[in-house]
Student: 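Let me begin by handing over the structure; questions about it come next.
Just so you know, residue 1 is the first one in the sequence shown, and it goes up from there.
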Amino acid sequence: MGLSKKISLFEGEKGNIIKITDLNIDGIMRRRLLDLGFVPGAYVEVLRKSPLGDPVAFRVSNTSIALRKEESHKIFGELV
């Protein structure tokens with residue numbers, strides 16, 4: 001039985017694929033992220049991080065999206 005590691009999207013390294021399990025965001029930002037494809041069960045690839053680490057570019061639903069540190073710290077998933 002394999003152990004899965006639960007991490008925030010921000011903790012992912014370039015090239016990691018993360019399956020979303022939780023979004024700890026409320027309000028308008030939660031709705032916006034859900035509309036963009038950041039839904040539980042979705043697979044997200046970490047594309048690149050800026051030199052200072054903020055923002056981070058992700059690929060979800062065949063779309064590249066950059067999120068700020070404060071949002072990507074609140075989205076959790078398992079490394080695939």
Student: Identify, with sequence neighbours excluded, every residue that meets ring-ring contact (aromatic ring centres under 6.0 Å, His included) alongside F76.
Tutor: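 Testing F76 for ring-ring contact (aromatic ring centres under 6.0 Å, His included), a comparison that skips the adjacent residues, returns none.
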Student: List for me each residue that meets side chain to side chain contact (heavy atoms under 4.5 Å, CB included) alongside L47, sequence neighbours excluded, and say none if there are none.
Tutor: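 For L47 the side chain to side chain contact (heavy atoms under 4.5 Å, CB included) partners, ignoring immediate neighbours, are E45, A57, R59, S64.
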Student: Answer yes if V80 and I20 sit in the same cluster of Ile, Leu, Val, Met, Phe, Trp and Tyr residues linked by side chain heavy atoms under 4.5 Å apart, and no otherwise.
Tutor: no
Student: Does the side chain to side chain contact (heavy atoms under 4.5 Å, CB included) test come out yes or no for I75 and D22, once each step is laid out?
Tutor: CA-CA 6 Å; I75 302 172; D22 301 308; over 6 Å; no
Student: With R30, which residues qualify under salt bridge (charged side-chain N to carboxylate O under 4.0 Å, His left out), at least two apart?
Tutor: none
Student: Considering non-hydrogen atoms only, spot the tightest contact between G12 and I18 and give its length.
Tutor: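 Smallest heavy-atom distance, with atoms named: CA-CD1, 4.1 Å.
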Student: Nearest heavy-atom pair of V60 and I65: which atoms, and what distance?
Tutor: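 Scanning both residues, the minimum pair turns out to be CG1-CD1, 3.8 Å.
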Student: Between F58 and I17, is there shared hydrophobic-cluster membership here, with clusters defined by ILVMFWY side-chain heavy atoms closer than 4.5 Å?
Tutor: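 Different hydrophobic clusters.
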Student: Quick one: salt bridge (charged side-chain N to carboxylate O under 4.0 Å, His left out) partners of D26, sequence neighbours excluded?
Tutor: none
Student: Measure the spacing between CZ of R32 and CG of L34 and express it to the nearest 0.5 Å.
Tutor: 12.0 Å
Student: Working to the nearest 0.5 Å, report the span between NZ of K69 and OG of S8.
Tutor: 10.0 Å
Student: Can you tell me how far apart NE2 (H73) and CG (N24) are? Round to the nearest 0.5 Å.
Tutor: 12.5 Å
Student: Residues in side chain to side chain contact (heavy atoms under 4.5 Å, CB included) with K49, at least two apart?
Tutor: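 V56.
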Student: Testing the basics here: between I25 and K74, what is the closest heavy-atom pair and its distance to 0.1 Å?
Tutor: CG1-CB, 3.5 Å
Student: Is there a side-chain contact between S50 and P55 in this structure, where contact means two heavy atoms from C-beta onward sitting under 4.5 Å apart?
Tutor: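 Of all side-chain heavy-atom pairs linking P55 with S50, at least one is under 4.5 Å.
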Student: Output the distance between atom CD1 (I7) and atom CD (E13), rounded to the nearest 0.5 Å.
Tutor: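 So the CD1 of I7 and the CD of E13 are separated by 8.5 Å.
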Student: Between E78 and T21, is the side chain to side chain contact (heavy atoms under 4.5 Å, CB included) condition met? List the steps.
Tutor: CA-CA 7 Å; E78 299 171 347; T21 57; 3.9 Å; yes
Student: Just distance, no hydrogens or angles: give the donor-acceptor pairs under 3.5 Å from side chains in residues 36-44, sequence neighbours left out.
Tutor:
none

